[in-house]
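Heavy-atom basis, side chains included; hydrogens, waters and symmetry copies ignored.
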Amino acid sequence: MATTSRSPRINFISTHLLNPPKTLLSLLSLTLLLLLATPTVSTTAVSPPTISSSNFLNYYTPHCHHIVPQSVSTVSPINLSLAHDKSLHFDYAYLTGGPQILPAADVSSVSISFHPKRNSISLTHSGDLVMLQASLKFYVPTRFNGTWRRNLRNVRFRGPKIPVRPRSLVFDLYGYWSMSTRKLCMVGSGSSYPNLGSLNSLTAVLKLNYPKNFGSVSGLIYGVMESLGAKGSFGYFEPVSVLAIPHYAQYNYTLLGNGDGTMCSGTDIDGIDGKKENLHFMLLDPSICLTNLYRYASFFQLEYGSDCGSKCNPLGERFATLPKFMKIQGIRCDYEHGIRVLVGFQISDYHGPASRFERSFDPNTMLIGEGTWDDNNNRLCVVACRLSNHENSLANAYVDDCSIRLSLRFPKTLTVRNGSTVVGQLWSNKTADETGYFSRIAFHGSGNRILRDPDLKYKYTVLDRVSKSCSRQKIVKGKGKKYPNVYSLDMRFDMLVKNVKGEVARGYLSPFFVGDQLYQPYRMSNSESGLLNISYKMRFTAGSEYKLGGVVLSNESVEISAEGTYDNKTGTLCMIGCRHPISHVEKSISDDSEDCEIFVHIQFSPLNAKGRGNVKGTIESMREKSDNLHFEQLEISSESIYTSQAAESIWRMDMEILMVLISNTLACLFVGMQLHHVKQHPNVLPFISFMMLGVLTLGHMIPLLLNFEALFAKNHSGQNFFLETGGWVKVNEVILRVVTMVAFLLELRLLQLTWSARQRDGSLKMFWTSDRRVFYLSSALYIGGGLITWFLYQWKDSHRSSYLRLRHMNYQQHYQWAELRSYAGLILDGFLLPQIIFNFLLNSKEKTLTFTFFFGTTIVRLLPHAYDLYRAHSSYWYLDFSYIYPNHKQDIYSTAWDIIIPICGLLFAILIYLQQWLGGRCIVPRRFLKTSEYEMVPVVGSEEL
């Protein structure tokens, strides 16, 4: 039988193409395991047992029987009013201890609630005892970077598909309450949501002492929760002390007198007609009472009188630092009776949004009081009490000194000098020589929301001065360009305020009234044009070194109320404003130190302007330089974006997510076509540069390793960020990672086939020799380029100011790593370089790489650069964090590089084409070369059957 001559080398390659060696399959399997294995923390500790209604007596007897003796239930569980079930509730408590289950650094942010279950309350044979079940919950509020932003013009992130819950720890408790001794003791198990940590099962005993005088302001609950586990065992935690305010089924308002507001006599409102000067506020309707109190009257800035002397602190003389801000928190509303409130004081102006998870109570910085609405003068009157404790023990805490008075009202007419929507006073009912006395303190604020009452008006008082001052400014003519509408969200923005020394403060600027209407974006008419009257509120906070005039702000906030005109044809805003004093302690109630000689000029850019910085302006003092209140000109700038720009950017990012997916899919397709090519022509496998395949494989493996947790983590709340636009593309990040992994596995397969083709035949040593030379030469080029990149970074850093170098000292290592990672992307862009050198050394004419592989992969690598170049010169605005398709963290992008890299990449692809057509050394003139060419000689032999 005739046999076909065939190289045994080629026969071996074709045989092993579909049957790779077991060792290499093991290597592939190991690589997959390394990529797919999810890092988990295993524990051999035995979880504590679960306490339930069937076995709780086994734990209750040794820990609670001596406090509240157990008894047997006489009736089925019923809703028992005799048990004062509502009186056992509490939602406001102060906690100490328990660092194993509570954040020790910020335990004051943790709130707690205790709710007996109505259908589980039963009488017992004792008659005095009540058996019950209850739920005790600890809430740790979820915050973003520790800060809350005002509702300014920001791009919002689309939240994860799985709701992110606040971190919570819930205990289900079982026990008894004694109606005679007012003691409660319960045991139970606790469990947490997964995002709290590894505390999945805890056992505890809760011991509470309820007040004898149920239903009065002086009644407080004290108790402790202790772990049932042994110290050092799994699930053990140190005792948690609790001081709580009872809910009370029926509360007796004992501090309000006859409830007509007479306890507020002597305040600044006396002598005027309150019904005409103040807005009416339906505060005592239980359905809206607490909601309205938070929205419209919760957070205030204190204004100490200049004559306060040494007795100024509302918390008492034992506190050395004067609080700067006050917060009113409603805890109970009773129709026709009153409202129970907590009045808190704090040094910083941080305040997050209220929620049922943030019911704070701190006896050291809060007053507890009762309030009522005074219909005669349209004001809220409050009587408040301090809390004291002997030996700093929560067990000895009690309500003391109820001599503090507070009045709060909502003015009907606002001006540039008096622009606060809520004002009031705080004072002591004692005489100056009594302990606990403090001088009268005024406060003001705008609440979290402005009271939208049709009777609320704004009176413009300085428009005549504005027209004179604005006429001296250089106005930019619009010439047909469109500027922000006065009623749009584009009129409010975050701002940067730079002084003459280049120091920068951050703040915001937001419209207050437009004409005679309260500013409400998208709810007002937009048909008006030309000059429109407008008033603004602005505030900025500076660092410790920031100077304003001759005053160092030292992290203080500056507030300015301003009014003027806005021309929507030119985008020019001119205003005169009043600056509230920086030092809250030195501010007098009569506002003698207010500075109303401030001119504010702001120029908005057109809606379709290119680049950043839609707002530029100045804040100038109109006083003489010799005046104590004079300050040098401040420059205003902003990187806030217009809503139309945000919509454009977000649409583009949705499109870029799709482009990433398409690019990665094409990369898989092109590698698959190369695999098909080597399957049809196995003799070309030895001619593929191992160095080139290594660069490609590492280029897909490293992103997988860097984003490993994002691919397989169970909780994607930290990685699943998408922008909220209503865009139709909602591609999950996991899909992108999966496609990248497919490309990596295909390249790994091609790498393995090339290795096998060379490894099994000793006559192919020259290929390894050439590839080693390629490795040495390529490595030298890569290392040299890396060193140049590092030196360029050092050179740029040396040209920074000393201030910037000091500021960025802690981030230098991060920046260097980012530079090197971008350089690695540059190496991947030139992935064909090792193959070009390899072909040159072998002078090969083999059709090693398919045109679709080397040209298609080149296009996939170069398209991001072309797109980045297009976007930089066509997009009106771009976001730093929006680089999705051309990822600036994984490659080098700039106008110059976006031109150089595509040219070089296409040149490499053309060289590969020429080498596979004319020979590996066709790019060098023949007179410089010695003729040598490698050619595989077929070996005649018999084919195995």
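Judged by distance alone, the side chains of Ser403 and Asp401 do bring a donor and an acceptor atom under 3.5 Å apart. Looking at Asn252 and Ser216, their side chains never bring a donor and an acceptor atom within 3.5 Å of each other. Donor-acceptor pairing under 3.5 Å is lacking for the side chains of Ser126 and Thr124. Using modelled atom types and a 3.5 Å distance limit, the side chains of Gln346 and Thr365 yield no donor-acceptor pair.
No side-chain heavy atom of Ile368 sits under 4.5 Å from any side-chain heavy atom of Met366. Two residues are said to be in side-chain contact when any heavy atoms from C-beta on lie closer than 4.5 Å; Cys64 and Thr61 fail this criterion. Thr372 has its side chain out of reach of Ile339: every pair of non-hydrogen atoms, C-beta onward, lies at least 4.5 Å apart. Phe171 places a side-chain heavy atom less than 4.5 Å from the side chain of Phe138. Side-chain contact between Val205 and Leu173 is absent, with no heavy-atom pair separated by less than 4.5 Å. Side-chain contact between Leu136 and Met225 is present, with at least one heavy-atom pair separated by less than 4.5 Å. Residues Ile328 and Phe300 meet the side-chain proximity criterion, which asks for heavy atoms closer than 4.5 Å. Looking only at side-chain heavy atoms (C-beta outward), Phe410 and His280 stay at 4.5 Å or farther from each other.
Between the side chain of Gln133 and the backbone N or O of Ile121, no donor-acceptor pair lies under 3.5 Å. Between the side chain of Arg340 and the backbone N or O of Gly369, no donor-acceptor pair lies under 3.5 Å. Between the side chain of Tyr94 and the main chain of Ala244, no donor-acceptor pair closer than 3.5 Å is present. Using a distance-only test at 3.5 Å, with no hydrogens or angles considered, a donor-acceptor pair links the side chain of Lys430 to the main chain of Thr435. In terms of modelled atom types and a separation under 3.5 Å, the side chain of Asn55 and the main chain of Ser52 share a donor-acceptor contact. Remark: the backbone N or O of Ile51 is paired with a side-chain donor or acceptor of Ser189 at under 3.5 angstrom. For the pair Ser233 (side chain) and Tyr236 (backbone), a donor-acceptor distance under 3.5 Å is absent.
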task: Could you please spell out the steps behind the side chain to side chain contact (heavy atoms under 4.5 Å, CB included) verdict for Ile221 and Leu243?
output: CA-CA 6 Å; Ile221 302 172; Leu243 181 65; over 6 Å; no
- prompt: Phe90 and Leu208: side chain to side chain contact (heavy atoms under 4.5 Å, CB included), yes or no, with the steps?
  reply: CA-CA 12 Å; Phe90 62 81; Leu208 296 178; 3.8 Å; yes
query: Does the salt bridge (charged side-chain N to carboxylate O under 4.0 Å, His left out) test come out yes or no for Glu226 and Lys207, once each step is laid out?
result: CA-CA 8 Å; Glu226 300 172 342; Lys207 306 170 186 177; 3.3 Å; yes
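Taking SG of Cys381 as the reference point, atom CG of Asp374 lies at 5.0 Å (rounded to 0.5 Å). Distance check: His89 NE2 to Ile245 CD1 gives 16.0 Å after rounding to the nearest 0.5 Å.
A salt bridge between Arg386 and Asp400 is absent, with no side-chain N of the basic residue lying under 4.0 Å from a carboxylate O of the acidic one.
Of all non-hydrogen atoms in Cys185 and Ile67, the two that sit nearest each other are SG-CD1, 4.2 Å. Looking at every heavy atom in both residues, Ala93 comes nearest to Ile112 through CB-CG2, 3.0 Å. Taking each heavy atom of Pro239 and Val224 in turn, the nearest pair found is CB-CG2, 3.9 Å. When all heavy atoms of Phe237 and Thr203 are compared, the closest pair comes out as CE2-O, 4.0 Å. Between Leu380 and Gly371 the shortest heavy-atom distance is CD1-C, 4.4 Å. Nearest heavy atom pair, residue Leu426 against residue Phe443, reads N-CE2, 4.1 Å.
Tyr176 has its ring centre less than 6.0 Å from the ring centre of Tyr60. Annotation: Tyr253 is in aromatic contact with Tyr251 [ring centroid separation under 6.0 Å].
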